[in-house]
Protein chains: 2
Amino acid sequence: MKTLANVLIVVLLAACAQQPNPRSQLPLPAANRVPAKVLSAAEILAQSNPAEWRAIAAENTLVMETARGTVVLELASAFAPAHVENLKVMARAGYFDGLAITRSQDNFVVQWGDPNAEDASKRKSLGTAKATLPAEFTAAISSISDFTLLPDADGYAPEVGFSQGFAVGRDKKAGLIWPAHCYGAVGAGRDVGEETGSGAELYVVTGHAPRQLDRNISIVARVISGIDVLSVTQRGPAPMGFYEQAEMRTAITSIRVGSDLPAAEQPRFEALRTDSASFAMLVEARRNRLDTWYKRPAGYIDLCNVPLPVRVSRTIVNTH
Amino acid sequence: MKTLANVLIVVLLAACAQQPNPRSQLPLPAANRVPAKVLSAAEILAQSNPAEWRAIAAENTLVMETARGTVVLELASAFAPAHVENLKVMARAGYFDGLAITRSQDNFVVQWGDPNAEDASKRKSLGTAKATLPAEFTAAISSISDFTLLPDADGYAPEVGFSQGFAVGRDKKAGLIWPAHCYGAVGAGRDVGEETGSGAELYVVTGHAPRQLDRNISIVARVISGIDVLSVTQRGPAPMGFYEQAEMRTAITSIRVGSDLPAAEQPRFEALRTDSASFAMLVEARRNRLDTWYKRPAGYIDLCNVPLPVRVSRTIVNTH
């Protein structure tokens, strides 16, 4: 966790400053919707109000230590409560400690878990954790307190937007809401049966959003720090990128619930509230890039191109 | 080029077999469009007709040798003829030899060129190649011979589909067509001015498709083999992923026009024609995943989720 601040800067800037070019307020090319005031993403974040940020509770995070670095996940507690509870049981029992990153498939996912999962004689015990769980592919809209609509249409869902800090799809008629498979989303691998997932096998999206997986997998978390620890792992052999040779795997030292760590090591992140004015401005600034570099603003943004800014909490915790 | 066949298998299977699950013809869940005959992507390719594949001419490729492996690009000659011509001039003069991968930004791009590009006293000479070129962000529809419409709508363009082997957007009213920034697309970096690109700085998309760049950059190629050589490069420091330290860079040994290589080393790939019946079946099979693993087919696919299958040519060239 030593490099958490540095890692966070990477997360934040990668999300919000992808484009190299200084913006200006020169005359604008034709655009579908031009905001009254033109600010860059960085400026919008810089001028945001502290109340527009929500603290990510350490008990709603997992901290994964690997041989290549630290990854921090925010858990999807509202969407997949049973999986999240099971993950905490596994983390607290040290289930993941000594397991490994077992798969890296280009433009798709990086996966981790027990390399011996298929071998009953060698497989690590799940202890008191459950081996299978009811599917949590979607949640009832009535169970979720927030939803911020993205104005642009999406063919994968009747509505798309943001809820609980996640990019989501929603179907009001069916009364359902679900996290979308955007870059950084973490899902619970499963077999053919809907209820065969447990959280023991996890994967993160590291390519173009495979939205066809939406509503087919329980999304249990999203990476809020250290995704590059996972995304640059050497790709495994085709077709699915599993590492056949043990030496290709990256060891997982431990996965802990953030709040179980010593206070000084607990992840202290904040996420920009998706119901805030600054988030709305950020979405609009990304829908129409108005700096001089862009000759033709898109006038549109797809769900998985919207950044979800995260920063290190300004709260300094004195642990001495 | 020794591992070309192995690399190709990776490309082909990564494109066409992302899902681990055997398909079957069990009763199907509700889906928007269900084809009369249900075949998996792999089966569709296996039963394709040889005439449905087009040879990728070696003279329309670049072969990039790096310290980490070989990358093969198919050039976008129809969309960016001036850039492609300039790239060939540079390749033939050995311009790229000894340059480097200079940038890796997570969920965005990997870029290569002259690390000293900003320093006039150290910068490598472009020789007879042009330092700036007219923008080739779009091409006239009238100049392009083919277009295969994707049935699903896309907010980034009036129409989307496939042309010349590339994923493209099209605006019939404006008479314009352009390659889209899907994973693996290669663009010519430029400065603020539209005409400041030359091909000396190239980048490849290695994250969720940054479609906001469409019509703002000249796309000059797409990676058809070895993209994982680029996509797993260690990310550079934020905000933009440029390597400040030379030791983080990956050396480029050479970039050659494929047809300039000895016959035995020339890239010999074929691409599935996007106007073929097999391609149409493949698109439909991906719009609605009908194997038993999928509980809810999407009934939709976005442009950059459509695979563009490439395989090693079956033509054996005897060079002895």
Side-chain angles (χ1 to χ4, degrees), chain A residues 9-14 16-21 104-108 135 137 152-156 182-184 190-192 194 205-212 214-216 227-228 231-235 237-241 286-287 289 292-302 304-305, chain B residues 9-14 16-21 104-108 135 137 152-156 182-184 190-192 194 205-212 214-216 227-228 231-235 237-241 286-287 289 292-302 304-305:
Chain A
I9 291 167
V10 174
V11 173
L12 182 61
L13 291 175
C16 302
Q18 281 193 342
Q19 291 316 312
N21 316 291
S104 176
Q105 181 175 345
D106 201 64
N107 191 19
F108 192 38
F137 303 163
D152 292 321
D154 181 320
Y156 289 107
C182 296
Y183 195 94
R190 65 165 173 86
D191 208 333
V192 173
E194 277 198 19
V205 173
T206 52
H208 186 75
R211 297 283 305 280
Q212 71 278 5
D214 292 2
R215 289 185 270 186
N216 282 289
I227 193 162
D228 57 320
S231 61
V232 302
T233 47
Q234 185 182 354
R235 307 316 185 210
M240 288 169 52
R286 302 285 287 193
R287 293 180 74 251
R289 308 287 183 113
T292 53
W293 189 90
Y294 276 90
K295 307 311 172 189
R296 192 185 199 294
Y300 176 86
I301 193 165
D302 67 298
C304 294
N305 260 317
Chain B
I9 290 168
V10 174
V11 172
L12 182 61
L13 292 174
C16 303
Q18 281 194 343
Q19 290 316 311
N21 316 291
S104 178
Q105 182 175 345
D106 200 65
N107 191 19
F108 193 37
F137 303 163
D152 292 321
D154 181 319
Y156 289 107
C182 296
Y183 195 94
R190 65 165 172 86
D191 208 333
V192 173
E194 276 198 18
V205 172
T206 52
H208 185 74
R211 298 282 304 281
Q212 70 278 4
D214 291 3
R215 290 185 270 184
N216 282 288
I227 193 163
D228 56 320
S231 61
V232 303
T233 47
Q234 185 182 355
R235 308 315 185 209
M240 288 170 52
R286 303 282 287 192
R287 293 181 73 251
R289 309 287 183 112
T292 52
W293 189 89
Y294 276 90
K295 307 311 172 190
R296 193 183 199 297
Y300 176 85
I301 193 165
D302 66 299
C304 294
N305 259 318

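Chain letters run A, B, ... following the sequence lines, proteins first, then strands; residues in each count from 1. Note that the coordinates shown come from a computational prediction; the quantities given were computed from them, not determined experimentally.
Proximity to chain A (any heavy atom under 4.5 Å) is restricted, for B/Q234, to the backbone atoms N, CA, C and O. Contacts between A/Y156 and chain B at a heavy-atom distance below 4.5 Å involve backbone atoms as well as side-chain atoms. With a 4.5 Å cut-off on non-hydrogen atoms, B/T233 touches chain A through its backbone but not through its side chain. With a 4.5 angstrom heavy-atom cutoff, B/A209 touches chain A via backbone and side-chain atoms both.
Using bins of under 30°, 30° to 60° and over 60° for the plane-to-plane angle, the ring pair B/H208/A/H208 lands in the parallel bin.
Heavy atoms only, all atoms of each residue included: B/R235 and A/D228 are closest at CG-CB, 3.5 Å. For A/W293 against B/D191, the heavy-atom pair with the smallest separation is NE1-O, 3.3 Å.
Contact of the B/D106 side chain with the A/I227 side chain is registered, since non-hydrogen atoms from C-beta on lie closer than 4.5 Å.
No donor-acceptor pair under 3.5 Å is formed between the side chain of A/R215 and the backbone N or O of B/K295. A donor-acceptor contact shorter than 3.5 Å is absent between the side chain of A/Y294 and the backbone of B/Q212.
Highest contact tally toward chain B, considering only A/A153, A/G184, A/G155, is held by A/G155 [criterion: heavy-atom pairs under 4.5 Å]. Put simply, of A/I301, A/D214, A/T206, A/V232, the one with the most heavy-atom pairs under 4.5 Å next to chain B is A/V232.
Side-chain contact annotation: A/D154 with B/Y300, donor-acceptor N/O pair under 3.5 Å absent.
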